[in-house]
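Written below as structure tokens is the structure these notes are about.
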2 protein chains.
Amino acid sequence: MFNSDFDLEGHFEERESIFTVLSPEELKELEKARQVIRCRRNEIIYKEGDTPTGMVYLHEGKVKIYKEGVGGREQIIRMVKSRGLVGFRSLLAGENHISSAVALEESIVHCIPEDFLFNTLLKNNNFSLRLLQNLAQELGFSNKRTISLTQKHIRGRLAESLLLLRDKYGFENDNATLKVYLSREDIANLSNMTTSNAIRTLSTFSNEKVIAIDGRKIRLLDVEALEKISMLG
Amino acid sequence: MFNSDFDLEGHFEERESIFTVLSPEELKELEKARQVIRCRRNEIIYKEGDTPTGMVYLHEGKVKIYKEGVGGREQIIRMVKSRGLVGFRSLLAGENHISSAVALEESIVHCIPEDFLFNTLLKNNNFSLRLLQNLAQELGFSNKRTISLTQKHIRGRLAESLLLLRDKYGFENDNATLKVYLSREDIANLSNMTTSNAIRTLSTFSNEKVIAIDGRKIRLLDVEALEKISMLG
DNA sequence: TAACTTTGATGCTATATAACATAAACAGAG
DNA sequence: CTCTGTTTATGTTATATAGCATCAAAGTTA
């Protein structure tokens, strides 16, 4: 096993939300207990250091989860898509939030009270198992990511990020344009590099015809090449 | 919250094993089901890519868990102490191992069959909750670590690793000597740097009277200074 | 429309750290 | 004990990438 790369095929896919394992009664309770919140673009959902008020579920939209590092430099540690979980780790660990969550576009999140969560965990073992699986996969992702972000070179890190965005959000109808529109700064923060270097390297990829850029629209022209670049670091 | 550092006080402490939440009958079953294995120094417990055969519990000893990165360079992602879990993530995620585990000294591990694990998870909700908490804390650790390893400079990374080793394994009776004896290479692999740089930086710390080194014996002379170095990156 | 702010693009310089080389100290095998 | 391989130590060089500066383009607000 030399390939330390991501299992690019839907590794942490989750077409269905974690709540599909709930019974009809539990779902009813959930609907009563949850609080539906609409978030605007760039709105903060929670911040590093906050005490979690409940579990946060992203019903619709896109969210970035990041941590502030040395000198306030932010590192995006996870991207969330519709039907995904945003804030759940800290609650389960019994800690305050260690990261911040911000909506990347108009989003709808559900805030699920702590009580409901723990009651359901105690009642419904399948729910517990499902959450365990989710966390375990997330931990695997984080471990793999640590290696990539520390050991790969700029080109490899950027290529990996682009593939990661494809896996997470997929393509537009043309089957090539990433279905997510990030600023160069966000791309840099996702890939552990400065904004200048993200811009520069995207340009290089574009010159090499590996991708095509049009503002924030990124089309993956040669996925195989990207995978190669990502692999070789 | 500017301090993105570790909660140095027993963040992922676990004096008691996760099995304390089992009932007397479950414990009996566990004793029947588990396989006790003695590992010698440097013995491989499992390797990246292996299919997990069960949950691995470290009864006694010290274990490093690492992943191979670009060009075979290894990154230690976790250190395990007595009564800790070694292999559990992959089983819960339903994946193959994404990391390897090696005994750092003579160790005794218990291999707990998959059946027992999942049966107990379905029967005993407190066990599930406990495991959820464990995983959630581990994920938090991994996220924090990603930031440290990517953003801190060599001195900061090494200082953090030394503090991490103290938190995990504690001191000898002199209340200063780390109770773990790693090669410079392991220290480097833990801190995301080359062996030369680990050696060089340890020397520097020694010259600065922050630590004292005598072969693999490392005494922390000025913990406050180390914390400062770790903090400032 | 104009003034202003943010984002994107590109070049240049500085620097942290990897990579390499050499040698001493140490450990294990015969 | 001697031989041989590994670990530790230290100096030198090369390089990837951060940091900074400048400018153009695109959005935003007045």
Side-chain angles (χ1 to χ4, degrees), chain A residues 40-42 64 69-75 102 104-105 147-162 178 180-208 211-218 229 232-233, chain B residues 40-42 64 69-75 102 104-105 147-161 180-208 211-218 229 232-233:
Chain A
R40 283 186 312 276
R41 203 169 114 86
N42 293 327
K64 68 170 170 182
V70 182
R73 209 174 122 204
E74 83 179 44
Q75 173 67 48
V102 165
L104 290 168
E105 55 181 50
I147 311 295
S148 296
L149 292 179
T150 52
Q151 297 195 358
K152 286 185 184 176
H153 285 181
I154 278 208
R155 286 169 60 86
R157 298 206 298 273
L158 184 64
E160 183 177 297
S161 289
L162 294 175
L178 288 179
V180 58
Y181 300 85
L182 298 176
S183 68
R184 300 292 193 265
E185 193 182 357
D186 275 340
I187 293 176
N189 292 340
L190 179 62
S191 316
N192 181 36
M193 61 186 67
T194 55
T195 308
S196 327
N197 276 329
I199 291 169
R200 213 187 304 270
T201 312
L202 280 172
S203 296
T204 314
F205 283 177
S206 173
N207 287 334
E208 293 169 356
I211 64 171
I213 37 183
D214 171 19
R216 296 192 175 187
K217 225 166 90 177
I218 298 176
I229 296 170
L232 299 179
Chain B
R40 286 186 309 274
R41 202 168 115 88
N42 293 327
K64 69 171 170 181
V70 181
R73 210 175 121 203
E74 82 179 44
Q75 173 66 47
V102 165
L104 289 168
E105 55 181 49
I147 313 294
S148 296
L149 292 179
T150 53
Q151 297 195 358
K152 287 184 182 177
H153 286 178
I154 278 208
R155 286 168 60 86
R157 298 206 299 275
L158 184 64
E160 183 178 296
S161 289
V180 58
Y181 299 85
L182 299 176
S183 67
R184 301 292 193 266
E185 193 182 359
D186 276 339
I187 294 176
N189 292 341
L190 179 63
S191 317
N192 182 35
M193 62 185 64
T194 55
T195 308
S196 328
N197 275 329
I199 292 169
R200 214 188 302 273
T201 312
L202 280 171
S203 295
T204 314
F205 283 177
S206 172
N207 287 333
E208 292 169 355
I211 63 171
I213 38 183
D214 171 19
R216 296 193 174 185
K217 227 166 90 177
I218 298 176
I229 296 170
L232 300 179

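Each chain gets a letter, A, B and so on, in the order its sequence line appears, and its residues count up from 1.
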inquiry  = Please classify the nucleic acid contact of B/Arg155 as base, sugar-phosphate, or nothing, using heavy-atom distances under 4.0 Å.
reply    = nothing

message = Contact between A/Arg157 and A/Leu149 at the side-chain level, heavy atoms closer than 4.5 Å - yes or no?
response = yes

key: Nearest heavy atoms of A/Ser148 and A/Glu160, plus distance in Å   = OG-OE1, 2.8 Å

Separation of D/dG19 P from A/Asn192 CG (nearest whole Å) = 11 Å

remark   = Residues A/Ile211 and A/Leu162: closest non-hydrogen pair is CG2-CD1, 4.1 Å

request  = Figure out the CD/P separation between A/Gln151 and C/dA18, and round it to whole Å.
outcome  = 10 Å

ask   = Any side-chain heavy-atom pair from A/His153 and A/Ile229 closer than 4.5 angstrom?
value = no

Minimum heavy-atom distance A/Leu190-A/Gln75, with the two atoms named = O-NE2, 3.2 Å

A/Thr150 side chain to A/Ile147 backbone, donor-acceptor under 3.5 Å = yes

ask   = Whole-Å distance between D/dG19 P and A/Glu185 CD?
value = 13 Å

task = Would you kindly compare A/Ser183 and B/Met193 by the position of their nearest DNA chain C nucleotide and give the one closer to the 5′ end?
result = A/Ser183

key: Listed nucleotide nearest any side-chain atom of A/Arg157, set D/dA18, C/dG8, C/dA16   = D/dA18

task = Just call it for A/Arg216: base, sugar-phosphate, or nothing, with non-hydrogen atoms closer than 4.0 Å on any strand.
result = sugar-phosphate

ask   = Which whole-number value in Å describes the distance from A/Leu158 CG to D/dT17 C1'?
value = 14 Å

Between D/dT7 (C1') and B/Asp214 (CG): distance, integer Å = 15 Å

query = Can you check whether A/Ile199's main-chain N or O pairs, donor with acceptor, with A/Ser203's side chain at less than 3.5 Å?
reply = yes

Which pairs, protein N/O on one side and nucleotides 9-11 of chain C N/O on the other, fall under 3.5 Å?
unit_1 : atom_1 : unit_2   : atom_2 : d
C/dA9  : OP2    : A/Arg184 : NE     : 3.0
C/dA9  : OP2    : A/Arg184 : NH2    : 3.3
C/dT10 : OP2    : A/Ser203 : OG     : 3.3
C/dG11 : N7     : A/Arg200 : NH1    : 3.0
C/dG11 : O6     : A/Arg200 : NH2    : 3.3

request  = First locate atom OG1 of B/Thr195, then atom CG of B/Asn189, and finally report the distance between them rounded to the nearest 0.5 Å.
outcome  = 6.0 Å

query = Between atom CD1 in B/Ile187 and atom P in D/dA9, what is the gap in whole Å?
reply = 10 Å

request  = Using whole Å, report how far CG of B/Asn207 lies from C1' of D/dT10.
outcome  = 12 Å

inquiry  = If you only use heavy atoms from C-beta on, which nucleotide in D/dA16, C/dA18, C/dG8 is closest to the side chain of A/His153?
reply    = D/dA16

ask   = Can you name the nearest heavy-atom pair linking B/Asp186 to B/Glu74, along with the distance?
value = OD1-OE2, 4.2 Å

Below 3.5 Å between N/O atoms, which protein atoms pair up with nucleotides 28-30 of chain D? Just atom names and distances, please.
none

message = Whole angstroms only, please: what is the NZ-P distance between B/Lys217 and C/dC26?
response = 14 Å

message = Is the phosphate of D/dA18 approached by A/Thr194 (side-chain N or O, under 4.0 Å from OP1 or OP2)?
response = yes

